[in-house]
Amino acid sequence: MALRFFEEQAHTALYRKYRLPSSSEIHSLIFNYLQRKKGEPFSLAVDIGCGSGQSTRGMAPYFEKVIGIDVSEAQIEEAKKVDGPDNVSYRRGFAEELEFEDGSVDLVTAGVAAHWFDMEKFMKEVERILKPKGCVALYCYKSPSVVDYETCSEDPAQIIEELLTAVKPYETKAKQIVWDEYKEVFDAITFPDKERLLSTMGVSSETVVEFGIKYFCLLASKPE
Ligand SMILES: C[S@@+](CC[C@H](N)C(=O)[O-])C[C@H]1O[C@@H](n2cnc3c(N)ncnc32)[C@H](O)[C@@H]1O
């Protein structure tokens, strides 16, 4: 059963407006992994828990077609409002019940979303829809480890860290999974060929604040 925190239109409109796009570094890292493990063709990538599409659009340059899937109709509506690349489309659906044919997908991604999924059911679907040697990439991030603002006398990253530490005991189970840098999600990936990367990356932003965010990215390839 999916947890539903992104259903209100007012909420999803704000999400679309202020959500920063995923780091371009993460998209190229994922694509390089797919290139290495499977190679061409790069016909179809699906991005599960796509929200308003910030994570989905980043994969567009690499694939003939990219489809974003989200359980929230409101998120899908917001994603469709964005003037994005022509090869990207969105539809409503569940991570645990993916409406794709067996062996039809090159890459499955989920950005900042897998901690909400029923991983056992999701992995069964991933195994079913991926082509042989197709890949799954599940990434997320914790609090910013670098926050730079020229006139700020204190270290903003330290302030954010203190705030998050104070609220940590009251966080949901899903947030605990994020705090543990996706250890539980990694264990739930059923492919033997898998890796867990931890690294700090920049994010693009229109603000004058500079962020460096600790991403974690789980990569795995379906056996032949
Ligand atoms: C934090 S948002 C991330 C959105 C986007 N990937 C991004 O990086 O901006 C998580 C999204 O996952 C969706 N979601 C949660 N559980 C889901 C499920 N079981 N199946 C499909 N989508 C789900 C939510 O509706 C929400 O839009």
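Counting starts at 1 for both ligands and their atoms, in listed order. Remember, predicted model here, so these are calculated numbers, not experimental data.
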Identify, by atom number and element, the atoms of ligand 1 in contact range of [X], meaning under 4.0 Å from any of its heavy atoms.
X: G93; result: 21 (C)
X: E96; result: 19 (N)
X: Q75; result: 26 (C), 27 (O)
X: V112; result: 1 (C), 2 (S), 3 (C), 10 (C)
X: C50; result: 4 (C), 5 (C), 6 (N)

ask   = With under 30° as parallel and over 60° as perpendicular, where do the rings of Y139 and Y215 fit, or are they tilted in between?
value = tilted
ask   = Any non-hydrogen atom of G68 lying under 4.0 Å from ligand 1?
value = no
Straight-line distance of K183 NZ to L218 CG, nearest 0.5 Å = 11.0 Å
query = Measuring from M123:CE to R128:CZ, what's the distance to the nearest 0.5 Å?
reply = 12.5 Å
request  = From atom 20 (N) of ligand 1, work out which of S52, C140, A95, A114 has a heavy atom at the shortest distance.
outcome  = A95
note = A student comparing F94, W116, Y141, Y139 should find that the heavy atom closest to atom 15 (C) of ligand 1 comes from W116
ask   = Does the pair D193/K37 count as a salt bridge with the N-to-O cut at 4.0 Å?
value = yes
query = Side chains of L98 and V46: does their closest heavy-atom pair fall under 4.5 Å?
reply = no
message = Please determine whether the number of non-hydrogen atoms from other residues, nucleotides or ligands lying under 6.0 Å from atom NZ of K131 exceeds 12.
response = yes
